[in-house]
Amino acid sequence: MAQAQNSDSFIIRRAMRAELLDAETELQLAFAWRDRRDEVALHRLINAYMRLAISMAMKFRRYGAPMNDLIQEAGLGLMKAADKFDPDRGVRFSTYAVWWIKASIQDYVMRNWSMVRTGSTSSQKSLFFNMRRVQAQLEREASARGEVLDGYQLRERIASEVGVSLADVEMMQGRMAGADFSLNAVQSSDDTGREWIEALEDDSTQAADLVQRNHDSAILRGWLLKAMSALNERERYILHHRKLRDDPRTLESLGQEMGLSKERVRQLEAGAFAKMRRHLQDQSDEVRALL
């Protein structure tokens with residue numbers, strides 16, 4: 001812990017000592033990187049604005065992430081900004097970099113807030129980072145009017161204020177309400193309590209369902225074998241190579257082997273299916289019941 005704090009302090013002190021760029025110098029460095037891929041210019045530009053990245057990272061400390069990680073993510077955002085910055089647009093690099101730094105830090109915070117994905121859309125991100133502030137503001141305003149808001153009314157007003165659905169607010173409140181806990185945690189305080197994982201429903205195939213499925217498959221297989229027994233040897237050969245192989249053969253290859261045209265093979269295949277269909281009609285009621 002102490003080592004991490006010392007590392008953070010060193011990075012911050014170094015950033016605070018970096019040069020302050022005027023607009024002309026900043027523009028020259030940006031052109032040097034964009035046009036000549038001058039790494040010295042890129043390094044100088046990033047170092048000069050690392051204090052901005054650190055300042056923004058410090059605003060996210062309340063989300064519980066290590067400060068060193070926040071600074072690293074802010075630095076990544078700053079480097080992305082430097083790589084994509086177009087000096088011809090006539091804006092200061094710091095103005096452009098703010099968006100990339102903030103986006104990088106926010107993505108990191110949301111990825112690490114919970115094992116359950118907290119949100120990915122822009123509206124969900126806005127809700128995540130503004131819900132507590134908006135809620136506190138609404139509660140202060142209601143209190144000043146002598147009004148008491150119940151939970152549902154408060155969620156409705158948050159949704160309206162942030163511009164999201166009520167369902168999104170309810171989902172986000174649930175995810176932000178508490179930390180993740182292990183499924184191997186014991187449900188009660190005594191040693192004999194069950195673990196939470198034991199309460200999960202087993203979604204694998206149950207034994208009774210498996211037996212019934214195997215029974216039904218055996219019946220269908222028997223019907224199909226009887227239907228195929230009504231075919232002659234050539235028809236069975238065509239169906240086997242066309243429908244029962246992992247790599248079905250083409251009509252053309254079978255025709256070349258059997259000395260037939262592709263169209264004739266297709267006709268024989270269609271005739272074989274018609275024979276099987278007629279044979280299966282004898283069990284039509286049973287087939288419908290089974291399927």
Side-chain angles (χ1 to χ4, degrees), residues 107 110-111 113-125 127-128 155 159 163-175 180-187 193-291:
D107 285 345
M110 294 192 74
R111 286 198 312 269
W113 178 264
S114 170
M115 292 176 66
V116 178
R117 189 165 178 79
T118 308
S120 56
T121 67
S122 58
S123 61
Q124 288 171 336
K125 289 181 180 179
L127 180 60
F128 179 84
R155 289 191 293 273
V164 298
S165 68
L166 179 61
D168 279 344
V169 175
E170 292 172 340
M171 175 273 293
M172 193 63 70
Q173 277 191 339
R175 292 183 180 178
D180 298 330
F181 67 92
S182 172
L183 287 173
N184 296 116
V186 179
Q187 293 182 4
R194 293 194 311 166
E195 294 183 354
W196 284 103
I197 197 170
E198 296 177 37
L200 296 180
E201 181 180 357
D202 185 2
D203 58 0
S204 60
T205 305
Q206 300 300 307
D209 295 336
L210 188 60
V211 169
Q212 184 65 45
R213 186 182 304 169
N214 290 340
H215 176 264
D216 294 344
S217 297
I219 293 175
L220 285 172
R221 192 179 303 111
W223 287 339
L224 289 172
L225 288 174
K226 286 182 181 179
M228 288 193 72
S229 68
L231 307 179
N232 60 44
E233 184 176 350
R234 185 168 63 173
E235 290 168 336
R236 284 197 298 271
Y237 185 82
I238 291 173
L239 283 189
H240 172 76
H241 284 273
R242 289 280 295 153
K243 301 298 181 184
L244 302 180
R245 286 165 50 116
D246 291 335
D247 53 339
R249 294 180 61 183
T250 64
L251 293 171
E252 186 175 3
S253 68
L254 282 172
Q256 290 173 352
E257 178 186 336
M258 302 171 73
L260 301 171
S261 68
K262 183 169 66 173
E263 177 59 22
R264 181 55 183 156
V265 176
R266 189 196 64 76
Q267 292 173 355
L268 289 170
E269 181 183 42
F273 278 128
K275 283 184 182 180
M276 291 183 67
R277 189 177 299 111
R278 286 194 298 272
H279 187 84
L280 287 171
Q281 283 176 351
D282 295 336
Q283 288 93 17
S284 58
D285 292 339
E286 296 176 75
V287 171
R288 279 195 294 270
L290 185 63
L291 298 179

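Separation of atoms CG (L268) and CG (N232) is listed at 8.0 Å; rounding is to 0.5 Å. Separating the CG atom in L260 from the CD atom in Q267 is a distance of 10.0 Å, to the nearest 0.5 Å. E257 contributes atom CD, which lies 6.5 Å from atom NE2 of H241 (distance to the nearest 0.5 angstrom). The CG atom of L254 lies 12.0 Å from the NZ atom of K262; values are rounded to the nearest 0.5 Å.
Distance alone, capped at 3.5 Å, places no donor-acceptor pair between the R249 side chain and the R242 backbone. At distances below 3.5 Å, not a single donor-acceptor pair connects side-chain atoms of E170 with backbone N or O atoms of A167.
Scored by the salt bridge (Lys or Arg N to Asp or Glu O under 4.0 Å) test, E263 finds R266 as partners (sequence neighbours excluded).
With contacts defined as side-chain heavy-atom distances shorter than 4.5 Å, the pair M228/E235 does not qualify. Side-chain contact check for L239 versus L244: every heavy-atom pair is 4.5 Å or farther apart. Side-chain contact check for I238 versus M258: some heavy-atom pair is nearer than 4.5 Å.
The two residues L251 and V265 come nearest to each other via the heavy atoms CD2-CG1, 3.6 Å. The two residues P248 and D246 make their nearest non-hydrogen contact at CD-O, 3.4 Å.
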